[in-house]
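What follows is a single structure, written as structure tokens, with notes after it.
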Amino acid sequence: MQVIVDFDVCESNAVCMAIAPEVFEVRDDDFLYVLVENPSEDLRDKVEEAVRRCPKQAIRLEG
Amino acid sequence: MDAIVVVGASLAGVHAAAALRRDGFVGSITVVDAQAHRPYDRPPLSKELLTGRFGPDDIGLRSAVDLDVTWRLGSAAVGLELNSSGADGAALGGRLLLDDGELAFDGLVIACGASARTLPDAGGPDAGGPDGVGVLRTLDDALALRSALDDGLSSVVVVGAGFIGLEVAASCRQRDVAVTLVEPMAAPLGRILGDDVGLALAGVHRRHGVDVRLGVGVQRVTAAAGDGSGCDVHLDDGSVVTAQRVVVGIGVVPNTDWLQGSGLTIDNGVVCDETLWAAPGVVAAGDLARWPSARFGSMLRVEHWDHAVASGEAAARRLLAGADAPAFDPVPWFWSDQYDTKVQLVGMAGADADAEVVSGSLDDDRFAVVYGRNGRLTGVLGVNRPRHVALMRARVEQGISFDDAVTAARDL
Ligand SMILES: Cc1cc2nc3c(=O)[nH]c(=O)nc-3n(C[C@H](O)[C@H](O)[C@H](O)COP(=O)(O)OP(=O)(O)OC[C@H]3O[C@@H](n4cnc5c(N)ncnc54)[C@H](O)[C@@H]3O)c2cc1C
Ligand code: SF4
């Protein structure tokens, strides 16, 4: 599973970070960092939830 | 359950339908909407669509793409007949009456949202008001304002400093339109965030050149005196503001008229139990659902994007899971973008809550506020502080003490 964020659309509102902090982090510079681009399968539910709950529809999952 | 009908092809309805499929429902799903547009996302209507960053093709709801449902767009629900349930209450379902037919169902998701309130006496052309008075709720509303902006609109009066009004004011300023913002309360969003924070946000708008008038209401709107087009907005302090357009953002009313007499309880929304169940086989979600929250100790009706997604999913699960479904009691969350200012609230604040600024100051354009009641944390507001909001969200869910929350938030 690969996490792809469209950074042109992402607004750093950190919704994904609240749901899956293992994968997403918005730092003090207000930018989103994807901590693990290929998270393990046990994180799939959380990452899929982040995809659905991202208000900018900025996250995609491949695989 | 074989046939589920969803009323409303917007955020709550689409996420309900998607959740039904994800959870393995193989029967038929029909999604009905009065509008003919493909499902679209509303938040950009007052933001990127007005500033010109997005066009109508950029705001489709991604979760609606490839969804295995039958769309029935352009059909309005006009009535509901529920099967009389047997003594054991087991018979589910009924018939949904449309303006162009009807649909039988075993399960129904009511997700037809809300409509913008208009000014009682001068709500626009159909309420006897002049041309140029509008609201902002639908794609068509937004496109009308967008084309006025593209045609060089030079002045606008925004009535109501709620989220929609503040965002419209910001988007119009970003396009160099002269904006007057009129709000009858002492501060924007005072009831939601308290007057201090509301006045701080008013300051943001003033710094961007908005003429913010607080504590003054609108008496009536008339066609502009003299030869020019546009409107005269008569305020109750006696002054008159003239503008080419008036955008009214004074809240919404749930779309429940068509449910009168159906047997559902309608009271400021569709009244549900704590699992979003409104009647046998009928659930509600999104802006029009009203349900008892144990967490906040009251009936809630929430008009935010995230709530529409979460309640849509929960309502779908309730239909499939039956009475074992867990109570729906999340912590609400919303955001609003105005200029470069990102406002986010997780949980509840309120005018009379205890409030403590934990980062920055209200004079900056970057601060965070922790809200509490009876010694407990109830909400966290971030203005350009997304990390604070994200990291405090779990603590709001846990309901830790207000003092601990202030300490924790200061350390972030
Ligand atoms: C301009 C704007 C900006 C916003 N910005 C934000 C934001 O920044 N952050 C945030 O958290 N929230 C925001 N929101 C709120 C968010 O968009 C709503 O909470 C959300 O759209 C609610 O979804 P819903 O599906 O319950 O209802 P709606 O989106 O209102 O959809 C209801 C659907 O039902 C249909 N319908 C109505 N009556 C009938 C009928 N009788 N028969 C058939 N169909 C019917 C309507 O056509 C509509 O498509 C914004 C809303 C607007 C309008
Ligand atoms: S939720 Fe979406 S918009 Fe927000 S930080 Fe994550 S990817 Fe960006």
Side-chain angles (χ1 to χ4, degrees), chain A, chain B residues 11 14-16 18-19 22 39-44 47-48 53-54 58-65 304-310 312-313 330-331 333-337 340-347 359-360 366 380 382-397 412:
Chain A
M1 160 175 58
Q2 192 191 355
V3 176
I4 300 161
V5 173
D6 181 345
F7 286 99
D8 286 340
V9 181
C10 167
E11 275 230 330
S12 298
N13 49 39
V15 175
C16 50
M17 173 180 175
I19 296 167
E22 303 87 341
V23 180
F24 303 99
E25 181 179 1
V26 173
R27 300 208 180 128
D28 251 349
D29 60 7
D30 272 0
F31 285 108
L32 170 68
Y33 294 81
V34 177
L35 304 177
V36 253
E37 285 190 9
N38 296 289
S40 57
E41 275 304 309
D42 51 316
L43 287 170
R44 181 175 285 275
D45 281 358
K46 275 192 183 182
V47 176
E48 284 183 347
E49 187 180 345
V51 171
R52 293 199 301 277
R53 300 286 273 271
C54 165
K56 299 289 163 173
Q57 311 189 78
I59 314 172
R60 267 190 314 124
L61 265 190
E62 262 173 28
Chain B
L11 202 56
V14 163
H15 279 271
R22 244 192 345 269
Y40 59 88
D41 201 23
R42 282 173 211 270
K47 309 176 184 75
E48 295 90 339
R53 188 165 170 230
F54 288 173
D58 300 319
I59 63 168
L61 272 188
R62 214 171 67 187
S63 33
V65 177
H304 310 326
W305 191 96
D306 185 67
H307 166 74
V309 175
E313 293 181 350
V331 170
W333 174 86
F334 75 74
W335 86 99
S336 170
D337 299 329
D340 296 330
T341 307
K342 256 194 273 294
V343 180
Q344 290 172 280
L345 178 73
V346 61
S359 164
R366 217 171 137 83
V380 177
V383 171
N384 289 331
R385 279 287 180 211
R387 258 179 80 80
H388 279 72
V389 175
L391 293 172
M392 291 300 288
R393 185 172 179 156
R395 294 175 171 99
V396 177
E397 273 159 16
L412 291 180

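Remember, it's a predicted structure, so these values are computed and weren't measured experimentally. Convention: sequence-line order gives letters A, B, ...; per-chain numbering from 1. Just the heavy atoms: all of them, side chains too, but no hydrogens, waters or symmetry mates, feed the values below.
Looking at A:Glu11 and B:Lys47, no side-chain N of the basic residue comes within less than 4.0 Å of a carboxylate O on the acidic one, giving no salt bridge. Under a 4.0 Å N-O distance rule, the pair B:Asp337/A:Lys56 qualifies as a salt bridge. Here A:Asp30 pairs with B:Arg366 in a salt bridge; the nearest charged N to carboxylate O distance falls below 4.0 Å.
Residues A:Pro55 and B:Trp305 share a closest heavy-atom pair of CA-CH2, 3.6 Å. Of all non-hydrogen atoms in B:Pro386 and A:Ala14, the two that sit nearest each other are O-CB, 3.8 Å. Smallest separation of non-hydrogen atoms from A:Arg53 and B:Val309: CD-CG1, 3.6 Å. Here the closest non-hydrogen pair linking B:Arg62 and A:Val51 is NH2-CG1, 3.6 Å. Listed here is the closest heavy atom pair of B:Ala390 and A:Met17: CB-SD, 4.1 Å.
Counting heavy atoms of neighbouring residues, nucleotides and ligands inside a 6.0 Å radius, atom CD of A:Gln2 exceeds 12 of them. In this structure, B:Asp340 places its CG atom where only 12 or fewer heavy-atom neighbours from other residues, nucleotides or ligands lie under 6.0 Å away. Summarising the local packing, CZ of A:Phe31 is surrounded by 12 or fewer heavy atoms from other residues, nucleotides or ligands at distances under 6.0 Å.
The contact between B:Leu391 and chain A is made entirely by side chain atoms (from C-beta outward), counting heavy-atom distances below 4.5 Å. Only the side chain of B:His15 comes within contact range of chain A, with heavy atoms under 4.5 Å apart.
A donor-acceptor contact shorter than 3.5 Å links the side chain of B:Gln344 to the backbone of A:Asn13. Of the possible polar contacts, none joining the B:Arg393 side chain to the A:Ala18 backbone as a donor-acceptor pair under 3.5 Å is found.
Per-residue heavy-atom pair counts under 4.5 Å with chain B were compared for A:Arg52, A:Glu25, A:Arg27, and the maximum is reached by A:Arg52. Contact count versus chain A (heavy atoms, under 4.5 Å) is highest, among B:Glu48, B:Glu313, B:Arg385, B:His388, for B:Glu313.
Taking CD of A:Glu48 as the start and CZ of B:Arg22 as the end, the distance is 8.0 Å to the nearest 0.5 Å.
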Original post:
Would A:Val15 and B:Trp335 satisfy side chain to side chain contact (heavy atoms under 4.5 Å, CB included), going step by step from the backbone distance to the final call?
Top reply: CA-CA 10 Å; A:Val15 175; B:Trp335 86 99; over 6 Å; no
